[in-house]
Amino acid sequence: SSKIRSPEVQSADDVAVLEDRIDFSLAKTISKIEEKVEKGSLPDCLHHDDIIPNVGNQIGAEAQIRFLKAKLRVTQEELDSIVSECRKKDDENQNLKSRLKDMEEENTRLQRTISMQRSQTEKYKVLSQEANKKSEELQQEVIALEKVLQ
């Protein structure tokens with residue numbers, strides 16, 4: 001966009017410039033706005049928006065460009081901050097998904113362990129009941145044999 005600017009507008013080069021952001025979609029829009037401002041006519045969207053305050057009509061084209069660039073820089077910084085925050089949230093989300101998967105696997109493993117332990121508990125209950133029954137039978141036999149011996 002600096003190639004399009006007239007020499008009197010090039011003093012605004014110290015303000016946020018999007019030339020190094022080729023993939024940024026607003027760069028073309030800004031170039032178009034700059035061209036219209038240089039020609040002396042503001043884009044329709046600027047007349048109906050709060051982008052340039054009411055005093056915007058009283059300031060020159062260079063000031064309007066600086067104002068728009070500053071506003072764009074602030075907006076870009078906010079966007080970068082939000083994108084960064086979004087990436088952090090995505091990373092945290094992936095971490096939580098990984099932890100959830102690990103917990104589900106642990107839960108499945110523990111459920112299998114519980115199931116095996118319940119099965120073994122039932123098995124030992126049956127064995128215990130059989131042992132108690134046999135013990136009672138043997139005690140009855142001992143009592144009967146003691147009576148025979150007396």
Side-chain angles (χ1 to χ4, degrees), residues 1-140:
S1 63
S2 64
K3 294 178 178 112
I4 299 172
R5 293 185 194 145
S6 62
E8 58 265 36
V9 180
Q10 288 188 4
S11 62
D13 284 339
D14 60 335
V15 185
V17 179
L18 294 175
E19 293 168 356
D20 55 338
R21 294 182 178 248
I22 297 169
D23 61 332
F24 193 72
S25 62
L26 287 179
K28 291 180 182 177
T29 305
I30 291 171
S31 295
K32 290 177 185 176
I33 291 172
E34 288 175 345
E35 288 175 13
K36 288 183 179 182
V37 169
E38 287 174 6
K39 292 176 185 175
S41 65
L42 284 175
D44 293 337
C45 65
L46 297 181
H47 291 294
H48 305 294
D49 247 344
D50 286 340
I51 295 174
I52 296 181
N54 290 334
V55 296
N57 296 331
Q58 300 169 3
I59 59 177
E62 183 180 337
Q64 289 177 353
I65 290 172
R66 282 197 317 267
F67 177 80
L68 290 171
K69 284 185 177 184
K71 186 142 182 106
L72 179 65
R73 184 182 68 237
V74 169
T75 304
Q76 183 63 44
E77 288 171 0
E78 289 173 354
L79 177 65
D80 291 344
S81 172
I82 290 170
V83 166
S84 173
E85 186 177 326
C86 188
R87 284 187 182 134
K88 287 178 186 177
K89 295 290 182 185
D90 285 343
D91 291 344
E92 182 180 350
N93 194 18
Q94 288 299 326
N95 185 23
L96 290 174
K97 283 181 181 180
S98 174
R99 285 181 54 197
L100 176 63
K101 182 180 176 188
D102 292 345
M103 294 294 176
E104 287 174 342
E105 289 172 357
E106 178 74 6
N107 187 28
T108 301
R109 186 185 65 76
L110 290 173
Q111 290 295 334
R112 280 192 299 246
T113 302
I114 288 171
S115 177
M116 281 194 311
Q117 288 178 345
R118 284 184 179 156
S119 163
Q120 288 177 345
T121 301
E122 290 298 317
K123 177 181 168 184
Y124 289 130
K125 279 183 183 177
V126 169
L127 288 174
S128 173
Q129 289 172 350
E130 289 176 0
N132 283 338
K133 186 176 177 183
K134 188 164 187 161
S135 173
E136 287 177 15
E137 289 174 0
L138 289 174
Q139 283 178 349
Q140 293 297 329

Listed partners of R87 passing side chain to side chain donor-acceptor pair (under 3.5 Å), at least two apart: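 For R87 there are no side chain to side chain donor-acceptor pair (under 3.5 Å) partners, ignoring immediate neighbours.
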
E92 vs K88, salt bridge (Lys or Arg N to Asp or Glu O under 4.0 Å): CA-CA, chis, key distance, verdict: CA-CA 6 Å; E92 182 180 350; K88 287 178 186 177; over 6 Å; no

For the atom pair [atom1] ([X]) and [atom2] ([Y]), what is the distance rounded to the nearest 0.5 Å?
X: D90; Y: K97; atom1: CG; atom2: NZ; answer: 8.5 Å
X: Q64; Y: R66; atom1: CD; atom2: CZ; answer: 10.5 Å
X: L96; Y: K101; atom1: CG; atom2: NZ; answer: 15.0 Å
X: L127; Y: E130; atom1: CG; atom2: CD; answer: 6.0 Å
X: R73; Y: E77; atom1: CZ; atom2: CD; answer: 6.0 Å
X: L72; Y: I65; atom1: CG; atom2: CD1; answer: 12.5 Å

Under the salt bridge (Lys or Arg N to Asp or Glu O under 4.0 Å) test, residues paired with E136 that sit two or more places apart: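 Testing E136 for salt bridge (Lys or Arg N to Asp or Glu O under 4.0 Å), a comparison that skips the adjacent residues, returns none.
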
Distance-only polar pair, side chains of D80 and Q76, donor-acceptor under 3.5 Å: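 Yes, a side-chain donor-acceptor pair sits under 3.5 Å.
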
Only pairs under 3.5 Å count here: list side-chain donor-acceptor contacts from residues 102-114, not counting sequence neighbours, and write none if there are none.
residue: E106; atom: OE1; partner: R109; partner atom: NE; Å: 3.4
residue: E106; atom: OE1; partner: R109; partner atom: NH2; Å: 3.3
residue: E106; atom: OE2; partner: R109; partner atom: NH2; Å: 2.6
residue: T108; atom: OG1; partner: E104; partner atom: O; Å: 2.9
residue: T113; atom: OG1; partner: R109; partner atom: O; Å: 3.0

Sidechain-backbone polar pair: S128 side chain, Y124 backbone, donor-acceptor under 3.5 Å: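 Side chain of S128 to backbone of Y124: no pair is present.
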
Intermediate values then yes/no, side chain to side chain contact (heavy atoms under 4.5 Å, CB included), V126 and E122: CA-CA 6 Å; V126 169; E122 290 298 317; 5.6 Å; no

